[in-house]
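Following: one structure in structure tokens, then a few remarks.
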Amino acid sequence: MRFLFAVICLFIFACDEELPSQDEGNVERVPGQIMIYNSCGISGAAEQARDVLRAKGFDVLRETDPRWANYEETVVAIRNPHWAGRKQLETILDTENFIVLLDTLSGDIGATVFLGRDYKKVLKIKRGDS
């Protein structure tokens with residue numbers, strides 16, 4: 001019985017320790033999620049956008065290549081005008097093509113990014129980076 005009590009106490013005290021963060025950097029997480037559509041037809045654009053936005057603290061729910069792939073400019077649809085990550089996204093992305101939707105069905109989706117052919121400029125990716 002004492003052994004069981006000791007194991008339980010050890011478990012309780014061990015669980016009380018703070019686990020190390022999985023993030024290597026000090027990136028503050030942005031509430032809500034982002035969806036990314038590769039709307040420019042350039043292979044790998046959505047993955048690059050995902051990597052950039054995740055490094056800035058955004059939770060990218062998914063990235064995909066839709067059937068339409070002819071956007072010249074990137075468009076960002078803010079799904080909730082009161083989304084806490086809106087200002088951060090506007091600061092990070094070098095575009096003025098933000099539209100605000102009054103979408104009450106989006107749940108945790110804060111924004112949808114439709115990447116255009118200008119995605120490297122918008123994401124501030126240097127030409128040599130891939």
Side-chain angles (χ1 to χ4, degrees):
M1 187 68 164
R2 287 183 184 171
F3 176 74
L4 181 61
F5 180 72
V7 170
I8 291 172
C9 288
L10 182 63
F11 179 75
I12 290 172
F13 290 116
C15 290
D16 217 15
E17 283 185 35
E18 190 172 315
L19 297 174
S21 174
Q22 292 181 352
D23 295 328
E24 293 299 321
N26 292 329
V27 177
E28 186 174 327
R29 292 287 169 221
V30 179
Q33 298 172 323
I34 294 178
M35 293 189 330
I36 301 172
Y37 289 103
N38 180 351
S39 301
C40 65
I42 300 171
S43 180
E47 290 82 11
Q48 285 183 327
R50 176 200 61 211
D51 294 345
V52 168
L53 292 173
R54 282 187 177 165
K56 301 288 186 179
F58 289 92
D59 179 14
V60 178
L61 178 64
R62 69 176 172 204
E63 71 280 344
T64 187
D65 296 313
R67 292 184 183 169
W68 61 91
N70 58 358
Y71 283 37
E72 288 297 320
E73 295 183 4
T74 298
V75 176
V76 181
I78 302 296
R79 311 288 298 227
N80 175 352
H82 306 292
W83 177 48
R86 178 180 176 181
K87 291 292 182 200
Q88 289 136 309
L89 193 60
E90 289 175 346
T91 301
I92 290 168
L93 299 181
D94 186 15
T95 185
E96 294 184 13
N97 295 332
F98 281 85
I99 58 173
V100 178
L101 305 175
L102 298 177
D103 185 357
T104 58
L105 302 176
S106 63
D108 287 338
I109 305 298
T112 303
V113 179
F114 299 91
L115 294 175
R117 296 190 198 287
D118 65 344
Y119 77 96
K120 285 193 176 190
K121 175 192 151 296
V122 169
L123 294 169
K124 302 172 188 166
I125 298 173
K126 296 178 185 139
R127 291 206 183 263
D129 296 346
S130 48

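Scope of the values below: all heavy atoms of this structure, side chains included, with no hydrogens, waters or symmetry mates.
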[X]: salt bridge (Lys or Arg N to Asp or Glu O under 4.0 Å) partners, not counting sequence neighbours:
X	answer
E96	none
D94	K121
E73	none

message: Quick one, L89 with I34, criterion side chain to side chain contact (heavy atoms under 4.5 Å, CB included). Give me CA distance, side-chain angles, the key distance, then yes/no.
response: CA-CA 10 Å; L89 193 60; I34 294 178; 4.1 Å; yes
Measure across [X] and [Y] and return the closest heavy-atom pair with its distance rounded to 0.1 Å.
X	Y	result
I78	A111	CD1-CB, 4.0 Å
F58	Q88	CZ-CB, 3.9 Å
K124	T91	NZ-O, 3.5 Å
E63	R50	OE2-NH1, 3.0 Å

- prompt: What residues, two or more places apart in sequence or in another chain, satisfy side-chain contact (heavy atoms from CB on, under 4.5 Å) together with A45?
  reply: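 By the side-chain contact (heavy atoms from CB on, under 4.5 Å) rule, A45 matches N38, C40, L115, Y119.
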message: Restricting to side-chain contact (heavy atoms from CB on, under 4.5 Å), what partner residues turn up for V122, sequence neighbours left out?
response: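 Partners of V122 by the side-chain contact (heavy atoms from CB on, under 4.5 Å) criterion, ordered by chain and then number, come out as T74, L93, T95, D118.
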- request: Name all pairs fulfilling the salt bridge (Lys or Arg N to Asp or Glu O under 4.0 Å) condition that reach into residues 51-61, sequence neighbours left out, sorted by first residue then second.
  value: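 The answer is none; no pair qualifies.
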- request: Find the distance between CD1 (I99) and CZ (R79) and round it off to the nearest 0.5 Å.
  value: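 Going from the CD1 atom of I99 to the CZ atom of R79 covers 9.5 Å.
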- request: Please test W83 against V30 for side chain to side chain contact (heavy atoms under 4.5 Å, CB included), starting from the C-alpha separation and ending with a verdict.
  value: CA-CA 10 Å; W83 177 48; V30 179; 4.3 Å; yes
query: Passes side chain to side chain contact (heavy atoms under 4.5 Å, CB included), V76 versus F114? Steps please.
result: CA-CA 6 Å; V76 181; F114 299 91; over 6 Å; no
Side chain to side chain contact (heavy atoms under 4.5 Å, CB included) between V100 and R86, intermediate numbers included: CA-CA 10 Å; V100 178; R86 178 180 176 181; 3.5 Å; yes
